[in-house]
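FYI, side chains are in, hydrogens and waters are out, and symmetry mates aren't considered; it's all heavy atoms of this structure.
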Amino acid sequence: MIVISLALILVAVVLLVFGLAGGSSPLLVVSIGASLLAAVALVAGARQAAGRASAPNGAPAGHGGRGGDGRGSGIPTQQTSATVDTGDAGWRQPPGSPVTGPRERSGVADGYDDEPATEETTAEQAARVARLADEVRVVDGRPRYHLDECPHLVGREHEPLPVAEAVELGFTPCAHCTPDTVLLAETERR
């Protein structure tokens, strides 16, 4: 996929040069399209590479950890979902324990390179937020809850969840959009 992406970039550059030199709008549009396809191919290639890198002993992800010598159990590993069966639609939960520990409250990004820190709140503020019915947004498998306009949600599938339920499930507030501060301020204005 990386090779395909590089080839598409080359095609996009050539089309861009000819489009600019000849003043041809269709060539410029096709150049933009080729650039977008190159980006998609690059992302797909990176995900494939990451999947191969995370598999044990170079085996394809989810194929039981067979080594290069062909020995192993041959039993595929079980993949589990992060949903909680509550009898309704099944809300998402963050990875790990649903109990908020000192590590999460310290602002550490919980092992995700792109995960925002936790918003610092007092115990009193956290208790007040846990009683609110306002909606926040959560991303499956990620430990933070966010406001709808949070930049961390851009390009990610997210779903609404009452903030009280998010707190109960162990989600913590995002430091970028500061949902606890904003929701408490809105509650005081009402």
Side-chain angles (χ1 to χ4, degrees), residues 1-2 4-5 8-9 32-56 59-63 76-101 103-121 126 129-186:
M1 282 295 202
I2 306 275
I4 292 171
S5 177
L8 284 170
I9 290 170
I32 292 170
S35 297
L36 292 173
L37 286 174
V40 169
L42 187 60
V43 169
R47 286 189 177 181
Q48 282 180 349
R52 276 186 249 124
S54 67
H63 283 79
T77 57
Q78 180 179 4
Q79 302 296 318
T80 58
S81 171
T83 57
V84 176
D85 185 12
T86 59
D88 54 12
W91 295 108
R92 306 292 182 185
Q93 70 180 3
S97 171
V99 177
T100 302
R103 177 174 165 248
E104 289 182 335
R105 286 288 177 201
S106 69
V108 174
D110 295 310
Y112 293 96
D113 292 340
D114 61 342
E115 192 68 29
T118 302
E119 176 186 10
E120 293 292 330
T121 57
V129 167
R131 292 189 298 266
L132 296 176
D134 299 64
E135 278 192 352
V136 291
R137 300 288 174 161
V138 296
V139 177
D140 188 20
R142 296 299 182 113
R144 305 283 176 262
Y145 60 87
H146 311 269
L147 295 174
D148 192 36
E149 63 273 6
C150 182
H152 183 71
L153 297 175
V154 174
R156 298 173 191 255
E157 279 191 39
H158 52 86
E159 58 190 88
L161 185 68
V163 69
E165 192 167 345
V167 170
E168 181 181 335
L169 289 172
F171 288 92
T172 55
C174 168
H176 286 196
C177 62
T178 61
D180 285 4
T181 303
V182 171
L183 293 175
L184 289 174
E186 288 177 3

Quick check: closest heavy atoms across [X] and [Y], and the distance to 0.1 Å?
X	Y	answer
Ala41	Ile4	CB-CG2, 4.3 Å
Cys177	Cys174	N-SG, 3.6 Å
Ala164	Ala130	CB-O, 3.0 Å

Is there side-chain contact between [X] and [Y], with heavy atoms separated by less than 4.5 Å?
X	Y	value
Thr121	Val129	no
Leu183	Val136	yes
Phe171	Pro143	no
Arg144	Pro173	no

Distance in Å, [X] [atom1] paired with [Y] [atom2], rounded so as to fall on 0.5 Å steps:
X	Y	atom1	atom2	value
Thr178	Leu184	OG1	CG	10.5 Å
Leu147	Asp134	CG	CG	9.5 Å
Ser35	Ile9	OG	CD1	7.5 Å
Asp148	Leu153	CG	CG	7.0 Å

Q.
Given 3.5 Å as the limit, does a donor-acceptor pair link the side chain of Glu119 with the main chain of Thr181, or not?
A. yes

**Q.** Ser5 side chain vs Ala38 backbone, donor-acceptor pair below 3.5 Å
**A.** yes

Q | Any residue meeting ring-ring contact (aromatic ring centres under 6.0 Å, His included) with His152, in chain and number order, not counting sequence neighbours | A | His146

Q) Where do Arg137 and Glu159 land on the salt bridge (Lys or Arg N to Asp or Glu O under 4.0 Å) test, with the steps shown first? A) CA-CA 5 Å; Arg137 300 288 174 161; Glu159 58 190 88; over 6 Å; no

Q.
Between Leu161 and Tyr145, is the side chain to side chain contact (heavy atoms under 4.5 Å, CB included) condition met? List the steps.
A. CA-CA 9 Å; Leu161 185 68; Tyr145 60 87; over 6 Å; no

Q: Could I get the full list of salt bridge (charged side-chain N to carboxylate O under 4.0 Å, His left out) partners for Arg156, not counting sequence neighbours?
A: Asp114

